[in-house]
Amino acid sequence: MIPFFGEAAAFTAAMAWATSSMIFSNIGGKVGAQTVNRGRLACSITCLTVLHWLSEGQPWPNAVTWEQLGWLSLSSVLGLVIGDAMLFQAFVTLGARLSMLMMSTVPIMGGGVGLVSV
């Protein structure tokens, strides 16, 4: 086992998260949040399709049922389209620092909502 592998992975993830928020904030201020979101979605779809094609030999999984596809589509629309559109707009409006500070409170808010709903 590599010493401190987990710590290095966590540090790398935190650095990538912080760096990407600053990059998206900068680019979103220049070309607009919606343009950044659409470009990121197009790049993501292309990369995922190529990766799936290379690993599985086909661009789309054949074993997906209509129910699974429906849940996946709903999750994609809510998370990747609406949620990220709001996040990129927050990057443009508030800046990367305040937007990420607000995002860091999500687990606390989720726990509070879960506690109240029980």
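Every heavy atom of this structure was used, including side-chain atoms; hydrogens, water molecules and symmetry mates were not.
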Report task. Answer yes or no: does atom CD of Q58 have more than 12 heavy-atom neighbours from other residues, nucleotides or ligands under 6.0 Å? Result ->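 Above 12, so yes.
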Requested in this report: Give a yes or no on this: more than 12 heavy atoms of other residues, nucleotides or ligands lie within 6.0 Å of atom CD1 of I2.
Outcome: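 It does not: I2 CD1 has 12 such atoms or fewer within range.
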Look only at the side chain of [X] and the backbone of [Y], and say whether a donor-acceptor pair between them is shorter than 3.5 Å.
X   : Y   : value
S99 : A96 : no
S73 : L69 : yes
T93 : A90 : no
S75 : W71 : no
Q68 : T65 : yes

Report task. Check step by step if side-chain contact (heavy atoms from CB on, under 4.5 Å) holds for F88 and Q34. Result -> CA-CA 8 Å; F88 292 141; Q34 298 306 318; over 6 Å; no
**Report entry** Within-4.5 Å side-chain heavy-atom neighbours: H52 and P61
**Finding:**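 They are in contact (side-chain heavy atoms under 4.5 Å apart), so the answer is yes.
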Rounded to the nearest 0.5 Å, what's the gap from [atom1] on [X] to [atom2] on [Y]? Could you check?
X   : Y    : atom1 : atom2 : result
T49 : W60  : OG1   : CH2   : 8.5 Å
F91 : D84  : CZ    : CG    : 9.0 Å
N26 : S21  : CG    : OG    : 11.0 Å
L94 : M102 : CG    : CE    : 7.5 Å

Can you get from [X] to [Y] by hopping between Ile, Leu, Val, Met, Phe, Trp and Tyr side chains that sit under 4.5 Å apart?
X   : Y   : answer
M86 : L78 : yes
L87 : V31 : yes
I82 : L74 : yes

Query raised in the report: What is the minimum heavy-atom distance between L80 and R40, and which atoms define it?
Result: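 Here L80 and R40 meet closest at O-NH2, 3.3 Å.
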Requested in this report: Considering non-hydrogen atoms only, spot the tightest contact between V92 and G29 and give its length.
Outcome: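 Scanning both residues, the minimum pair turns out to be CG2-N, 3.8 Å.
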Query - L98 vs L101, side-chain contact (heavy atoms from CB on, under 4.5 Å): CA-CA, chis, key distance, verdict - result: CA-CA 5 Å; L98 287 175; L101 180 65; 4.3 Å; yes
Query raised in the report: Taking it one step at a time, do W17 and M100 satisfy side-chain contact (heavy atoms from CB on, under 4.5 Å)?
Result: CA-CA 9 Å; W17 198 41; M100 297 313 285; 3.1 Å; yes
**Report entry** Given I23, I27, L41, the one that forms side-chain contact (heavy atoms from CB on, under 4.5 Å) with V36
**Finding:**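 Answer after filtering I23, I27, L41: I27.
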Requested in this report: Apply salt bridge (charged side-chain N to carboxylate O under 4.0 Å, His left out) to R38 and list each qualifying residue two or more places apart in sequence or on a separate chain.
Outcome: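 Per chain and number, R38 pairs via salt bridge (charged side-chain N to carboxylate O under 4.0 Å, His left out) with no residue.
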Query raised in the report: M15 and T12: side-chain contact (heavy atoms from CB on, under 4.5 Å), yes or no, with the steps?
Result: CA-CA 5 Å; M15 290 300 293; T12 304; 5.8 Å; no
